[in-house]
Number of protein chains: 2
Amino acid sequence: MDNKTKNRPLTPPPDGGRPTLKTIAFMTGLGITTVSRALKDAPDIGAETKERVRLVAKQIGYQPNRAGVRLRTGKTNVISLVLTLEEEIMGITSPMVVGITEILAGTPYHLVVTPYSAVKDAMAPIRYILDTGAADGVIISRTEPHDPRVALLTERGLPFVTHGRTEMGIVHPYHDFDNERFAYEAVRKLVARGRRKLVLLEPPPHLTFYSHMRAGFERGLRDFQADAVGFHQTNIDHSLVEIRDAFEVLMRSEDAPDGIVSGSGSGAIALIAGLEMAKKKLSEDCDMVSKSPSDFLRWLRPEVMTMYEDIRVAGRELAKAVIGHIDGQPPETLQSLSQPEFQPPITRGLRA
Amino acid sequence: MDNKTKNRPLTPPPDGGRPTLKTIAFMTGLGITTVSRALKDAPDIGAETKERVRLVAKQIGYQPNRAGVRLRTGKTNVISLVLTLEEEIMGITSPMVVGITEILAGTPYHLVVTPYSAVKDAMAPIRYILDTGAADGVIISRTEPHDPRVALLTERGLPFVTHGRTEMGIVHPYHDFDNERFAYEAVRKLVARGRRKLVLLEPPPHLTFYSHMRAGFERGLRDFQADAVGFHQTNIDHSLVEIRDAFEVLMRSEDAPDGIVSGSGSGAIALIAGLEMAKKKLSEDCDMVSKSPSDFLRWLRPEVMTMYEDIRVAGRELAKAVIGHIDGQPPETLQSLSQPEFQPPITRGLRA
DNA sequence: CATCGCGACTGTATCGTTACAGATTTGAAG
DNA sequence: CTTCAAATCTGTAACGATACAGTCGCGATG
């Protein structure tokens with residue numbers, strides 16, 4: 001027996017560590033290459049051999065070394081979630097991460113959170129990922145109509161998905177909440193309640209869903225014959241105190257609205273505070289419809305009509321879409337829009 | 001010039017890809033090994049050489065290939081945040097992730113989120129990380145007094161930090177919120193308001209901070225001479241509806257408390273709902289102190305006195321502690337306890 | 001003048017995996 | 001009795017980095 005056959009490890013691998021291809025090769029008496037190809041179900045390996053290899057691999061709990069694979073193939077098995085550190089008060093990230101990991105759990109992918117701080121640095125993490133090949137796919141949010149991140153990722157061919165749409169003529173995977181419809185239905189609801197002077201707490205103008213929400217709001221005004229009260233001093237990215245103070249001023253003016261559409265759950269809190277500081281009462285002087293990513297409004301302010309934006313589901317959709325993109329599915333099949341629906345009130349207890 | 005010197009790449013590396021040690025070696029005319037050691041500031045490399053290498057490396061934006069390092073050295077540069085998928089309603093994860101990444105941003109570490117689903121599977125992600133060497137350090141939460149994860153990680157020598165303490169005689173890094181003091185101060189506050197029949201919405205009994213919070217509560221009762229009303233039907237892990245219904249029953253009974261200590265912000269919501277369903281009024285019939293990881297209670301129910309648990313800071317502390325542990329600092333220097341403080345009310349606007 | 005030590009640098013092997021180009025066997029075709 | 005193709009299996013090199021064991025030149029030492 002010549003010991004030139006380096007590929008066939010006659011030395012038992014220095015056990016104690018985790019099993020590698022070499023371990024399996026030793027146990028089956030096969031070459032490392034054969035084992036590798038057998039586990040990949042390559043066509044040039046005998047059926048029985050594959051079976052044997054699979055069995056042994058399973059028995060000893062073989063799991064490919066990620067560093068080895070990554071070094072050789074460039075495949076990282078990483079999905080990168082790119083986030084801004086300037087967090088929304090109610091922490092939209094939480095359910096998002098949960099949703100994503102729910103999907104990734106059934107795959108070899110890991111979720112890496114990649115943050116950026118200043119708004120102007122939004123490109124930094126993207127460049128980092130591209131330059132270092134840190135991930136196989138990227139999830140980005142706070143999408144803008146002409147988003148340079150989308151342009152760059154597309155140009156470099158790195159799979160990604162956006163939370164929110166763009167308007168740059170690039171067909172790419174996305175998941176979005178139908179903010180146009182949200183605002184439209186909100187107006188319908190308020191008008192049905194007899195409200196006619198409506199105000200919108202809008203998203204920051206540079207984000208894509210700003211125009212969606214505005215469009216829905218204005219279409220609603222036209223269709224249901226209501227009037228808009230201007231309120232562009234603040235948006236949902238401002239601090240709650242700023243929103244509150246600006247809204248108090250508005251509510252004290254003669255232009256005071258009688259119906260509110262709030263583009264965010266935490267913004268709604270500030271609006272309520274401003275309204276109450278102006279000595280107005282919710283439900284009486286004013287009705288409100290708010291988007292809400294969680295339950296607290298329904299519990300604490302049941303007068304507010306809420307449409308639930310399920311961020312956890314969004315996370316799931318986003319994860320499925322990036323993976324689809326990585327797997328080469330056409331982008332146009334990886335787009336989804338979640339439809340807003342009014343939430344029922346919290347069920348009252350059944351006891352006497 | 002002999003071309004045996006494989007280590008000195010005379011062929012310009014097939015550029016187009018990212019720079020590697022080989023690229024720098026080619027540019028400086030040095031060997032790959034020398035470049036590697038120069039960048040590590042090894043003592044056997046000349047000062048001027050180091051300078052040159054560093055300069056070139058910086059110029060071309062060299063960043064070590066993580067897969068290469070990881071394969072060779074086993075160092076992953078990954079911190080794993082182990083989370084349960086069964087999320088608390090208010091999403092504590094969000095600020096936590098933000099806090100952690102704030103610290104990791106200044107280091108070579110990446111944050112990987114590793115979830116587990118069923119409570120019984122809490123060990124699964126730990127075993128996975130240990131078996132596959134997936135991380136250099138681990139952050140775990142929902143700590144129990146005798147936590148098998150802590151035992152296993154300690155035994156295997158993988159650096160970690162817990163959010164919460166244990167009681168197993170193992171000295172390990174942790175960060176915790178002082179729940180004992182929280183409950184104690186809460187009782188003090190309620191008694192100062194003339195409340196004497198107090199109830200505690202407690203954590204689930206298997207978690208360590210259950211006994212902390214209970215201890216503080218009971219010490220407060222003794223020191224300030226108040227009485228406890230039993231309420232063990234539900235805890236902060238139960239659904240809001242369950243908490244509400246159980247609390248309604250209690251509030252309708254002749255045992256109805258006049259002071260509430262709520263161990264969680266979202267639990268507080270349910271308690272308020274239950275109380276109101278029992279036709280009682282906050283502030284009048286009953287006062288409440290609640291722990292709160294966010295601002296919404298202060299905005300929507302300013303009557304509730306809150307102590308803020310800054311999860312973002314917790315994330316920062318946890319990240320610092322794992323890294324310290326990885327760097328070999330003694331565990332006893334990596335323990336921290338954050339002190340609760342009552343939050344001031346939201347500042348009222350300044351305008352007329 | 002050999003030898004030693006030291007400073008500065010370098011080649012080789014290796015981590016685990018896979019692409020690629022063989023190698024070996026078997027049986028059928030000529 | 002070649003020759004060839006198909007079916008299986010295998011060795012080598014490479015991905016990028018580092019541990020280790022050198023090598024080389026040079027001034028000091030005996």
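In the text below, chain A, chain B and the rest are named by the order of the sequence lines, each starting its count at 1. Nothing here was measured: the structure is a model prediction, and the numbers come from that model.
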So which of residues 61-77 of chain A are in contact with DNA chain D, with a heavy-atom cut-off of under 4.0 Å?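 When residues 61-77 of chain A is checked for heavy atoms under 4.0 Å from DNA chain D, the hits, listed by number, are Leu71(A), Arg72(A).
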Short of 4.0 Å, heavy atom to strand atom, which residues of residues 36-59 of chain B count as contacting DNA chain D?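 Nucleic-acid contacts, sorted: Ser36(B), Lys40(B).
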Could you pull out all residues at least two apart from Glu102(A) that satisfy side-chain contact (heavy atoms from CB on, under 4.5 Å)?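 So Glu102(A) forms a side-chain contact (heavy atoms from CB on, under 4.5 Å) with Val98(A), Arg312(A), Arg316(A), Leu85(B).
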Got a sec, which pairs hit ring pair (Phe, Tyr, Trp, His ring centres under 6.0 Å) with one end in residues 112-134 of chain A, sequence neighbours left out?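 Qualifying pairs: Tyr128(A)-His110(B).
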Looking at five pairs on each end of the helix from dC1(C)-dG30(D) to dG30(C)-dC1(D), what is the angle between the two axes, given to 10 degrees?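 If I round to tens, the end axes sit 90° apart.
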Please check this pair: side chain of [X] against backbone of [Y], looking for a donor-acceptor N/O pair closer than 3.5 Å.
{"X": "Asn77(B)", "Y": "Tyr109(B)", "result": "no"}
{"X": "Asp121(B)", "Y": "Ala124(B)", "result": "no"}
{"X": "Thr73(A)", "Y": "Val69(A)", "result": "yes"}

Under 3.5 Å, is there a donor on one side chain and an acceptor on the other for Ser80(A) and Thr114(A)?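 Their side chains do contain a donor-acceptor pair, which is all the 3.5 Å distance test asks for.
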Rounded to the nearest Å, what distance is computed from the CG atom of residue Leu30(B) to the P atom of nucleotide dG11(C)?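 Value for this atom pair: 11 Å.
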Is the ring centre of Phe160(A) less than 6.0 Å from the ring centre of His172(A)?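 Ring centres of His172(A) and Phe160(A) closer than 6.0 Å.
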I'd like to know whether Leu152(B) forms a side-chain contact (heavy atoms from CB on, under 4.5 Å) with Arg127(B), so could you lay out the CA-CA distance, the side-chain angles of the two residues, the decisive distance to 0.1 Å, and finally the verdict. CA-CA 9 Å; Leu152(B) 185 57; Arg127(B) 270 197 274 268; 4.1 Å; yes
Residue pairs passing the salt bridge (Lys or Arg N to Asp or Glu O under 4.0 Å) test where at least one lies in residues 23-37 of chain A, sequence neighbours excluded: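 Applying salt bridge (Lys or Arg N to Asp or Glu O under 4.0 Å) to every pair that reaches into residues 23-37 of chain A, excluding sequence neighbours, yields Arg37(A)-Asp44(A).
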Quick one: pull up CD1 in Ile126(A) and CG in Asp131(A) and give me the separation to the nearest 0.5 Å.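 Interatomic distance, Ile126(A) CD1 to Asp131(A) CG, rounded to 0.5 Å: 11.0 Å.
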